[in-house]
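Reviewing the structure listed below.
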Amino acid sequence: MKILAVIGTRPEAIKMLPLIIELKKYRDFEVLICSSGQHGDILKCVFDYFNIEPDFSFCAMKKGQSLSRLTTRLLDYFDALLDKISPDLLLAHGDTTTAFCASLSAFYKGIKIAHVEAGLRTYDKRSPFPEELNRVTIDALADLHFAPTQLSRSRLEKEGRESVFVVGNTGIDALSYTLDNNYVLPVSNKEANKKILLVTTHRRENIGSKMRSSLLAVRDILEYRNDFFAVFPVHPNPAVRTEAISVFEGIKNIKICEPLTLYDFHNILARAFAVFTDSGGIQEEASFLGVPVFLLRDTTEREEGMESGNIRLVGTDRKRIFEDFLRVSKSEEELSKMRSRSFAFGDGHACEKIVKILLPLSKNNDIIK
Ligand code: UD1
Ligand code: UDP
């Protein structure tokens with residue numbers, strides 16, 4: 001079976017490369033990797049970490065590019081690439097514009113599609129934007145759906161999707177490549193003795209006043225509580241950078257830095273008191289590690305983490321985030337609920353499960369409906 005795996009952004013690489021490593025153990029698969037370059041250096045850094053080179057590369061990232069322009073350029077690229085390779089199966093992950101364009105292009109050519117991390121939903125097409133629309137569409141186009149949880153499976157089945165398999169999230173598998181008991185925090189001893197807060201933001205629908213007010217809440221916390229020290233690896237999006245630099249100007253107990261390597265990020269996360277984030281994947285990793293998540297968003301497609309008690313959906317209101325965090329940080333009972341490790345998003349063996357499902361299909365492509 002000739003498989004083309006498409007990867008465009010940092011989280012797609014983190015969640016697909018462990019699967020590619022697993023697929024490559026079997027001679028039944030010929031695996032080709034395409035990097036669309038929707039992200040620049042932060043994507044390359046993940047390929048380097050896993051010591052994998054893409055077979056095909058494109059440079060889709062352009063500063064300030066609109067979503068329509070990104071979409072048309074990616075569609076053109078995948079149109080030509082799929083003609084050149086003619087894969088039996090396209091492997092796409094999640095909800096990015098890369099995954100959406102590759103899937104649409106494959107569908108037009110009658111190429112079968114497997115969707116990894118299928119069935120995530122907020123049912124709000126504007127949040128996360130444009131990811132919610134992307135994932136709904138990719139699931140409609142896909143022939144095989146690898147759902148991370150039972151909840152995602154039930155959503156897909158309600159939508160009438162067939163060939164749905166619950167396998168866990170491959171992002172949890174990635175943690176086994178990075179966690180290091182001997183890791184030393186890259187901050188001074190004085191800072192390392194404080195309680196570490198990890199901060200990340202990038203969502204398009206939050207850029208502007210929502211992102212500003214959630215970051216201001218983190219600033220208020222740092223000003224009020226000198227026993228906390230924050231690490232904020234800033235996403236390369238210039239809109240995020242401008243906000244981060246202006247909000248934290250003059251604040252001493254924060255380290256604002258370039259995006260961290262996956263190794264550093266996972267190991268700092270594992271040692272953090274809490275994470276403030278609007279990310280998708282970090283919700284899963286933190287739940288698995290038992291690190292409290294203060295989710296700077298209005299919606300989540302990862303309800304499992306709220307049910308397990310790891311994630312608090314605190315929104316983007318400055319006062320609410322500040323008050324909620326301070327209250328929870330003083331309550332051992334609340335903290336211990338948020339700190340219990342959850343396997344809701346997977347047990348770290350999702351890649352093996354996907355490969356076991358694909359192996360018999362590789363003998364006879366026709367069984368993929
Ligand atoms: C993208 C995905 C999002 C995913 C996220 C993970 C889309 C539309 N968005 O969002 O689904 O959750 O990645 O991080 O598919 N930029 C750089 N260098 C980079 C990356 C971005 O300069 O390496 C700048 C560019 O100006 C770019 C802007 O940031 O135009 C936005 O980047 P984009 O990839 O569209 O959005 P993300 O927020 O990263
Ligand atoms: N991550 C990283 N370095 C950083 C920030 C995040 O390696 O400085 C990793 C993180 O561990 C997670 C992924 O990037 O696996 C999340 O990416 P992002 O929040 O950009 O995307 P999302 O998950 O929201 O799609």
Side-chain angles (χ1 to χ4, degrees), residues 6-18 35-46 48-50 59-71 73-74 92-102 117 120 127-135 138 169-175 177-179 186 198-207 211 231-242 255-270 272 275-286 288-289 291 293 295-297 300-302 345:
V6 291
I7 293 173
T9 64
R10 170 175 63 189
E12 286 166 281
I14 293 167
K15 291 172 166 182
M16 284 283 254
L17 293 178
S35 163
S36 78
Q38 182 179 332
H39 278 175
D41 287 348
I42 58 172
L43 175 62
K44 188 175 176 309
C45 184
V46 185
D48 290 349
Y49 186 74
F50 284 94
C59 184
M61 210 272 291
K62 280 205 172 146
K63 297 219 181 285
Q65 171 173 245
S66 72
L67 279 178
S68 301
R69 189 80 190 102
L70 175 65
T71 303
R73 291 179 62 235
L74 284 170
H93 180 278
D95 49 26
T96 66
T97 301
T98 291
F100 164 66
C101 292
E117 199 181 80
L120 272 63
S127 177
F129 174 86
E131 292 85 352
E132 178 72 5
L133 187 89
N134 287 346
R135 56 195 170 209
I138 299 168
N169 199 302
T170 57
I172 304 297
D173 298 28
L175 287 161
Y177 289 84
T178 53
L179 292 179
L198 195 51
V199 184
T200 82
T201 53
H202 75 84
R203 296 246 87 87
R204 273 175 193 256
E205 71 276 11
N206 286 350
I207 288 173
M211 191 171 287
V231 178
F232 184 3
V234 183
H235 190 283
N237 188 334
V240 179
R241 304 221 134 184
T242 310
K255 175 175 169 159
I256 298 196
C257 55
E258 290 298 320
L260 294 163
T261 65
L262 187 60
Y263 173 75
D264 282 314
F265 192 85
H266 279 175
N267 282 293
I268 296 174
L269 178 64
V275 58
F276 288 85
T277 189
D278 61 8
S279 164
I282 295 169
Q283 295 177 57
E284 295 147 3
E285 295 165 346
F288 182 79
L289 294 169
V291 177
V293 180
L295 189 59
L296 309 171
R297 291 172 51 172
T300 181
E301 57 294 272
R302 275 118 172 143
F345 296 108

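Reckoned from all heavy atoms, side chains included, excluding hydrogens, waters and symmetry mates. As the structure lists them, so they are numbered: ligands from 1, and atoms in each ligand from 1.
- Ligand 1 has an N or O atom lying under 3.5 Å from an N or O atom of Arg203, backbone or side chain.
- Not a single N or O atom of His235, backbone or side chain, sits closer than 3.5 Å to an N or O atom of ligand 2.
- Between Pro130 and ligand 1, no pair of N/O atoms sits closer than 3.5 Å.
- Residue-to-ligand polar distances place Glu285 within reach of ligand 2: an N/O pair is separated by less than 3.5 Å.
- From Asp278, atom CG reaches atom CD of Gln283 across 9.0 Å, with rounding to the nearest 0.5 Å.
- Remark: side-chain polar atoms of Lys15 are not paired, donor with acceptor, to backbone N or O of Gly94 under 3.5 angstrom.
- Checked by distance only, ligand 2 and Pro11 stay at 3.5 Å or farther apart across all their nitrogen or oxygen atoms.
- At least one heavy atom of Gly64 sits less than 4.0 Å from an atom of ligand 1.
- Remark: minimum distance from atom 5 (C) of ligand 1 to any protein heavy atom is reached at His202 CE1, 3.5 Å.
- Short contacts between ligand 2 and Leu262, defined as distances under 4.0 Å to a heavy atom of the residue, involve ligand atoms 7 (O), 11 (O).
- Summary of contacts: the protein heavy atom closest to atom 32 (O) of ligand 1 is Arg204 NH2, 4.2 Å.
- Residue Thr200 has no nitrogen or oxygen atom sitting less than 3.5 Å from a nitrogen or oxygen atom of ligand 2, judged on distance alone.
- With ligand atoms numbered from 1 in the order given, ligand 1 contributes 1 (C), 2 (C), 7 (C), 8 (C), 9 (N), 15 (O), 34 (O) to contacts under 4.0 Å with heavy atoms of Gln38.
- In this structure, of Phe232, Tyr49, Phe265, Tyr263, the residue bringing a heavy atom nearest to atom 1 (N) of ligand 2 is Phe265.
- No side-chain donor from either of Thr98 and Glu12 sits under 3.5 Å from a side-chain acceptor of the other.
- With a 4.0 Å cut-off on non-hydrogen atoms, Thr96 touches ligand 1 through its backbone as well as its side chain.
- Each of the following atoms of ligand 2 lies closer than 4.0 Å to a heavy atom of Gly281: 22 (P), 23 (O).
- Shortest contact from atom 14 (O) of ligand 1 to any protein heavy atom: His39 CE1, 3.2 Å.
- Within the 4.0 Å heavy-atom shell around ligand 2 one finds Arg203.
- In Pro128, neither the side chain nor the backbone holds a heavy atom less than 4.0 Å from any atom of ligand 1.
- In summary, the atoms of ligand 1 found under 4.0 Å from a heavy atom of Gly40, numbered by their order in the structure, are 19 (C), 23 (O).
- Listed by number with element, the atoms of ligand 1 under 4.0 Å from a non-hydrogen atom of Met61 are 16 (N), 17 (C), 18 (N), 22 (O), 25 (C).
- You'll find the side chain of Phe265 reaches within 4.5 Å of the side chain of Ile282, heavy atoms only.
- The backbone N or O of Val46 lies less than 3.5 Å from no partner atom in the side chain of Arg10, so there is not a single donor-acceptor pair.
- A side-chain donor from one of Thr200 and Thr277 sits under 3.5 Å from a side-chain acceptor of the other.
- Without hydrogens or angle criteria, Arg73 side chain to Cys59 main chain gives a donor-acceptor distance under 3.5 Å.
- Note that the CD1 atom of Ile138 and the CG atom of Leu120 stand 11.0 Å from one another [nearest 0.5 Å].
- Side-chain atoms of Thr261 and Asp264 include a donor-acceptor pair closer than 3.5 Å.
- Close N/O approach between Lys63 and ligand 1 is found [any backbone or side-chain N/O within under 3.5 Å].
- Residue contacts with ligand 1: Glu12 is excluded, as none of its non-hydrogen atoms falls under 4.0 Å.
- In this structure the side chain of Ser35 never reaches within 4.5 angstrom of the side chain of Lys44, judged on heavy atoms.
- In this structure, the protein non-hydrogen atom closest to atom 30 (O) of ligand 1 is Lys62 O, 3.5 Å.
- Here's the thing with Arg10: one of its N/O atoms is less than 3.5 angstrom from an N/O atom of ligand 2.
- Numbered from 1 in the order shown, with element, the atoms of ligand 2 that lie under 4.0 Å from a heavy atom of Pro259 read 8 (O).
- Contacts between His235 and ligand 1 below 4.0 angstrom, taking non-hydrogen atoms only, involve the side chain exclusively.
- Closest heavy-atom approach to atom 31 (C) of ligand 1 within the set Asp278, Val240, Asn237: this belongs to Asn237.
- Distances between N or O atoms of Pro233 and those of ligand 2 include no value under 3.5 Å.
- When heavy-atom distances to ligand 1 are checked against a 4.0 Å cut-off, Glu131 comes that close only through its side chain, counted from C-beta outward.
- Heavy-atom proximity to Thr97, at under 4.0 Å, picks out these atoms of ligand 1: 7 (C), 8 (C), 15 (O).
- In summary, the atoms of ligand 2 found under 4.0 Å from a heavy atom of Ser279, numbered by their order in the structure, are 16 (C), 18 (P), 19 (O), 22 (P), 23 (O), 24 (O).
- Residues Ala286 and Leu269 come closest through the heavy atom pair N-CD2, 4.1 Å.
- The distance from ligand 1 to the heavy atoms of Ile42 drops below 4.0 Å at these ligand atoms: 23 (O).
- How far OG of Ser279 is from CZ of Arg297: 8.0 Å, rounded to the nearest 0.5 Å.
- Those atoms of ligand 1 that come under 4.0 Å of a heavy atom in Leu67, given as number and element, are 8 (C).
- Formation of a donor-acceptor pair under 3.5 Å by the Thr97 side chain with backbone atoms of Thr71 is not found in this model.
- The pair Arg302-Glu285 does not meet the salt-bridge criterion, since no charged nitrogen lies less than 4.0 angstrom from a carboxylate oxygen.
- Taking every heavy atom of Gly280 and a limit of under 4.0 angstrom, the matching atoms of ligand 2 come to 22 (P), 23 (O), 24 (O).
- With a 4.0 Å heavy-atom cut-off, ligand 2 is reached by the backbone of Leu260 and by its side chain too.
- Counting heavy atoms closer than 4.0 Å to ligand 2, residue His266 contributes side-chain atoms (C-beta onward) but none from N, CA, C or O.
- A salt bridge is defined here as a Lys NZ or Arg NE, NH1 or NH2 lying under 4.0 Å from an Asp or Glu carboxylate O, and Arg203 with Glu131 meets this definition.
- Gln38 places no side-chain N or O within 3.5 Å of a backbone atom of Leu43 that could act as its donor or acceptor partner.
- Near Pro238, with a cut-off below 4.0 Å to any heavy atom, the atoms of ligand 1 are 24 (C), 26 (O).
- Proximity of Asn134 to ligand 1, defined as any heavy-atom pair under 4.0 Å, is not found for any part of the residue.
- Here is the list of ligand 1 atoms found below 4.0 Å of a heavy atom in Pro11: 6 (C), 14 (O).
- Here the side chain of Asn206 pairs a donor or acceptor atom with the backbone of Leu296 at under 3.5 angstrom.
- Using a 4.5 Å heavy-atom cutoff, the side chains of Tyr177 and Leu262 are not in contact.
- Between atom NE2 of residue His235 and atom CD of residue Glu258 there is a gap of 12.0 Å, rounded to the nearest 0.5 Å.
- Formation of a donor-acceptor pair under 3.5 Å by the Thr170 side chain with backbone atoms of Asp173 is not found in this model.
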